[in-house]
Protein chains: 2
Amino acid sequence: MNASVSTAEAPARGRRTPRASGDERERAILATAERLLGQGSLSEISVEDLAKGAGISRPTFYFYFPSKDAVVLTLVDRMVEEAAVNRASGIAKLAEEPRAGLRLALQASFEVFGSRRAVTLAAAELRATNAEARALWSGVMEGWIADASAVIEAERARGAAPPGLPARDLATALIQMNERAHYATFAGEQPALAEDRLLDVLVDIWMRAIYGADAPA
Amino acid sequence: MNASVSTAEAPARGRRTPRASGDERERAILATAERLLGQGSLSEISVEDLAKGAGISRPTFYFYFPSKDAVVLTLVDRMVEEAAVNRASGIAKLAEEPRAGLRLALQASFEVFGSRRAVTLAAAELRATNAEARALWSGVMEGWIADASAVIEAERARGAAPPGLPARDLATALIQMNERAHYATFAGEQPALAEDRLLDVLVDIWMRAIYGADAPA
DNA sequence: CCAGCGTATCAACACAGTGTCGAGAAAGCC
DNA sequence: GGCTTTCTCGACACTGTGTTGATACGCTGG
């Protein structure tokens with residue numbers, strides 16, 4: 001499954017020493033961040049805002065987190081972990097019921113990221129300026145692509161899918177499509193797919209790209 | 001074709017009064033911006049840097065442009081216009097030679113945006129924080145999607161493509177895929193498609209999504 | 001040939017935000 | 001009750017943005 005990326009190897013993105021009661025403050029900061037992100041974009045939120053929201057002064061904020069970015073990264077980390085857990089079931093089902101299994105697999109991400117839009121959008125915004133955010137997200141994408149490649153190869157091996165593009169290339173483009181389409185929809189971009197159409201559209205394209213034969217001249 | 005979006009209705013994004021010799025300075029600023037963007041990301045460049053690069057002081061910069069963002073927007077505007085011009089030919093060819101025509105159409109964007117990566121990447125970065133950049137890019141996407149929808153519908157009407165997803169939904173997801181895949185490749189993201197594979201992969205998925213029949217159970 | 005007006009320039013300022021330092025309060029614990 | 005560790009914040013230093021007001025520059029018409 002997805003693997004590494006997470007808090008595992010870098011345990012304390014948050015406060016300097018993970019102990020005692022300041023715990024509560026840390027949670028207050030994270031909660032404030034998520035709340036404020038629901039109202040405005042990341043760049044509109046200052047460290048001052050986060051501190052005030054958590055009932056502390058700005059310097060005290062820095063006792064708990066090294067920067068605003070670190071707060072968001074923590075939030076994203078957790079969300080990503082949540083998403084990784086959910087996704088396994090759909091993939092398992094894929095061999096018997098391709099379309100339904102695929103839909104289930106895609107739905108897992110859709111739901112986790114969709115239910116915490118504020119964090120999802122902040123993650124995307126952060127990626128533009130923060131290398132750690134880029135690395136974190138790269139890892140997520142890599143996990144998805146690896147899974148999708150494996151599925152495509154398995155389906156080809158058992159004769160359910162015809163040969164075609166290298167599995168990894170195909171998986172890469174499809175995962176990228178998913179990411180972008182989700183983002184556009186969640187961000188309310190115009191144009192974008194309607195929220196209740198998103199999965200249908202993506203699943204259909206995946207099915208054709210994986211199971212469809214090479215097209216006519 | 002693509003339509004509006006461009007400098008047409010908002011003629012002077014640049015200096016306050018479009019006259020005389022300060023013209024040279026304006027060009028110097030734009031050139032400096034493009035040069036510096038080749039070295040580092042937008043957020044690493046300050047107005048000071050742009051001014052210095054153009055041989056003027058920071059306040060003087062503000063005589064020519066209202067902000068750093070406006071400079072980049074001007075650069076992007078021009079690139080977008082360039083891209084719009086190129087694309088027509090491929091679409092025309094599409095009816096006789098679907099695969100070749102499609103490839104040609106996609107290639108047009110690939111080449112324009114690929115040949116000015118610095119600006120392309122800056123545009124993407126800007127979108128994260130700047131509403132005008134988002135609007136500009138939305139317009140570009142909208143144009144592409146409209147064109148792609150029209151093509152899909154035409155191909156279905158003449159019986160070359162089977163029915164399937166609503167043309168606009170399909171077009172939206174495919175264009176989003178293209179955008180994201182191009183960006184990842186140009187930005188050197190990991191994972192991403194290799195530059196010399198990008199078009200082949202995208203064209204193949206487009207072909208299957210448009211011309212392939214609905215997939216098996 | 002110089003008065004006068006737009007064009008162009010910049011030093012100095014006001015502001016908003018980040019991150020740090022060092023002095024101190026409060027909370028454990030021996 | 002002293003010592004240590006955790007926690008807190010006022011005050012500071014710094015970076016970057018955008019504005020203001022004074023001034024110089026160059027042309028054009030009287």
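Heavy-atom basis, side chains included; hydrogens, waters and symmetry copies ignored. Throughout, protein chains are lettered first and strands after them, A, B, ... in sequence-line order, and every chain is numbered starting at 1. Everything numeric here is computed off the predicted structure, so don't read it as measured data.
- For A:Arg25, taking side-chain heavy atoms from C-beta onward, the closest of the listed nucleotides C:dT9, D:dT8, C:dC10 is D:dT8.
- In this structure, the CD atom of B:Glu26 is 14 Å from the P atom of C:dT7, given to the nearest Å.
- Between the side chains of A:Thr172 and A:Asp169, not a single donor N or O lies within less than 3.5 Å of an accepting N or O.
- The stretch residues 37-48 of chain B touches DNA chain D through B:Ser46, B:Val47, each having a heavy atom within less than 4.0 Å of the strand.
- There is a side-chain donor-acceptor pair under 3.5 Å between B:Glu179 and B:Trp137.
- Rounded to an integer number of Å, the gap from B:Asp23 CG to C:dA8 C1' is 14 Å.
- At a cut-off of 3.5 Å, with distance as the only test, a side-chain donor of B:Asp49 or B:Ser46 sits close to an acceptor on the other residue.
- When every heavy atom of A:Ala171 is checked against every heavy atom of A:Ile145, the shortest pair comes out as CB-O, 3.8 Å.
- The listed nucleotides are D:dC7, C:dG19, D:dA11; the one nearest the side chain of A:Phe63 is D:dC7.
- Distance, B:Phe61 CZ to D:dT19 P: 12 Å, rounded to whole Å.
- If you measure from atom CG of B:Asp49 to atom C1' of D:dT15, you get 12 Å, rounded to the nearest angstrom.
- Closest to the side chain of B:Tyr64, out of C:dA12, C:dT9, D:dG10, is C:dT9.
- Atom NE2 of B:His182 is separated from atom OG1 of B:Thr120 by 9.5 Å, given to the nearest 0.5 angstrom.
- At a threshold of 4.5 Å between non-hydrogen side-chain atoms, the residues A:Phe61 and A:Val71 count as touching.
- B:Glu195 is not listed as a side-chain neighbour of B:Leu198, based on a closest heavy-atom distance of 4.5 Å or more.
- C:dA11 atom C1' lies 15 Å from atom CD1 of B:Ile56, rounded to whole Å.
- For A:Tyr62, the listed nucleotide lying nearest its side chain is C:dG19; candidates were D:dT17, C:dG19, D:dT20.
- Nearest to the side-chain atoms of B:Arg58 among the listed nucleotides D:dT17, D:dG10, D:dT20 stands D:dT17.
- What separates NZ of A:Lys68 from P of C:dA16 is a distance of 16 Å, to the nearest Å.
- Note on B:Thr60: every side-chain N or O is 4.0 Å or more away from OP1 and OP2 of C:dT9.
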